[in-house]
Amino acid sequence: MLDQVVKLKILGIDSSGMVASVAIVDEDIVIAEYTMNHKRTHSETLLPMIDEIVRTSEIKLEELDAIAIASGPGSFTGLRIGAATAKGLALAINKPIIPVKTCEGLAFNMWGADGVICPIIDARRSQVYTGLYTVMGNVDVIMDQEPMDIHELVKKVNSVCGGVDGSPKQITFLGDGVPIYESVIWDQIEVPCKMAPASMNRQRGASIAAYGELLFKERRYVDADDFAPEYLRKSQAERVREEKGQ
């Protein structure tokens, strides 16, 4: 029975953005983590990174209890590569997949932080994938992840975090959308605001694995055959085809 499992070994994978990151978490310990954010495609890096952390940690894939993966939104190509990798491994070792919403996985980087956490992932054309969360234990959702115009997001943050009693909540932004839209945020924000530091502001396999462990204990996992990425919107190629067909 799953309830009788004392210690869990989870492989975490995040290829939803420019960053490729994998990690093995054994209960409350990060055994190994490998993150790359430099000039390489996920098709080149992801499997070699997994091979490396498995080899150096001396943990066999068969010893894993599950594979947690950032399930989207994000880069369509990155999500597909990650999904194919996770499904292939999970099928090979007959273990379940734990889908972790990308924005929730990013928010988990800021576990224990005061105020509201706002991941922003660049979706181009002034659009971001985003959500609003507090992370004092589990991830509590204020606004579930969705695509949104950056200007509308800042208005939403001002509304959610503005203190009717004169004590506004702090907002912390993180994600690859920050350097692109930081000037917009600072120009329009009306509540206390911070940007996450480099150690926390991008996708991390360890956060996906650690949060995935909590989801696993809540039985929020699927068989490998049933897993599919959560894109939230159509790809650019699909939108172009539809426009040409009109």
Compare every heavy atom of [Y] with every heavy atom of [X], then report the nearest pair and how far apart it is.
{"X": "Gly131", "Y": "Cys103", "answer": "N-SG, 4.3 Å"}
{"X": "Leu106", "Y": "Gly175", "answer": "CD1-CA, 4.4 Å"}
{"X": "Ile208", "Y": "Gly105", "answer": "CD1-CA, 3.9 Å"}
{"X": "Leu232", "Y": "Pro147", "answer": "CD1-CD, 4.1 Å"}

Between [Y] and [X], is there a side-chain donor-acceptor contact under 3.5 Å, judged purely by atom types and distance?
{"X": "Tyr211", "Y": "Glu104", "value": "yes"}
{"X": "Thr41", "Y": "Ser43", "value": "yes"}
{"X": "Asn109", "Y": "Gln203", "value": "no"}
{"X": "Thr130", "Y": "Glu146", "value": "no"}
{"X": "Asp122", "Y": "Tyr129", "value": "no"}

For residues 184-197, run the donor-acceptor check on the side chains, cut-off 3.5 Å, and write out each pair with its distance to 0.1 Å, sequence neighbours left out.
| from | atom 1 | to | atom 2 | distance (Å) |
| --- | --- | --- | --- | --- |
| Trp186 | NE1 | Glu182 | OE2 | 3.1 |
| Gln188 | NE2 | His151 | ND1 | 2.9 |

Quick one: [atom1] on [X] to [atom2] on [Y], what's the gap to the nearest 0.5 Å?
{"X": "Ile31", "Y": "Leu11", "atom1": "CD1", "atom2": "CG", "value": "12.5 Å"}
{"X": "Glu44", "Y": "His42", "atom1": "CD", "atom2": "NE2", "value": "11.0 Å"}
{"X": "Met110", "Y": "Met200", "atom1": "CE", "atom2": "CE", "value": "5.5 Å"}
{"X": "Thr102", "Y": "Asp14", "atom1": "OG1", "atom2": "CG", "value": "6.0 Å"}
{"X": "Ile98", "Y": "Tyr221", "atom1": "CD1", "atom2": "OH", "value": "9.0 Å"}
{"X": "Ile50", "Y": "Leu89", "atom1": "CD1", "atom2": "CG", "value": "5.0 Å"}

Under 4.5 Å between any side-chain heavy atoms of [X] and [Y], yes or no?
{"X": "Val128", "Y": "Ile121", "result": "no"}
{"X": "Leu8", "Y": "Phe216", "result": "yes"}
{"X": "Ile10", "Y": "Ile67", "result": "no"}
{"X": "Phe227", "Y": "Pro96", "result": "no"}
{"X": "Ile171", "Y": "Leu132", "result": "yes"}
{"X": "Asp149", "Y": "Leu153", "result": "no"}
{"X": "Val25", "Y": "Ile29", "result": "no"}
{"X": "Leu79", "Y": "Glu230", "result": "no"}

Practice item. Quick one: list whatever passes side-chain hydrogen bond (donor to acceptor under 3.5 Å, both in side chains) with Ser21, sequence neighbours left out. Key: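 Listed in chain order: Thr35.
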Point to revise | salt bridge (Lys or Arg N to Asp or Glu O under 4.0 Å) involving Arg55 - partner list, sequence neighbours excluded | key: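 Arg55 satisfies salt bridge (Lys or Arg N to Asp or Glu O under 4.0 Å) with Glu52 only.
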Is any NZ, NE, NH1 or NH2 atom of the basic residue among [X] and [Y] found under 4.0 Å from an Asp or Glu carboxylate oxygen of the other?
{"X": "Lys155", "Y": "Glu152", "answer": "yes"}
{"X": "Arg220", "Y": "Glu218", "answer": "yes"}
{"X": "Lys9", "Y": "Asp26", "answer": "yes"}

Short question: side chain of [X], backbone of [Y] - any donor-acceptor pair under 3.5 Å?
{"X": "Gln127", "Y": "Arg124", "answer": "no"}
{"X": "Ser75", "Y": "Gly17", "answer": "no"}
{"X": "Ser71", "Y": "Pro99", "answer": "no"}
{"X": "Gln170", "Y": "Gly115", "answer": "no"}

Check your understanding: Given the rule in the salt bridge (charged side-chain N to carboxylate O under 4.0 Å, His left out) test, do Lys101 and Asp144 qualify, once you have shown the distances and angles that lead to the verdict?
Key -> CA-CA 10 Å; Lys101 293 183 177 182; Asp144 200 6; 2.9 Å; yes
Practice item. Give the cluster check for Met148 versus Ile180: same hydrophobic cluster or not, with ILVMFWY residues linked at side-chain heavy-atom distances below 4.5 Å. Key: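 Yes, one cluster joins them.
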Point to revise | Full working for side chain to side chain contact (heavy atoms under 4.5 Å, CB included) between Val100 and Ile69 | key: CA-CA 6 Å; Val100 177; Ile69 181 164; over 6 Å; no
Practice item. Count the heavy atoms of every other residue, nucleotide or ligand shown that sit under 6.0 Å from CD of Glu58, and state whether that count exceeds 12. Key: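 No - once you tally the heavy atoms of other residues, nucleotides and ligands closer than 6.0 Å, there are 12 at most.
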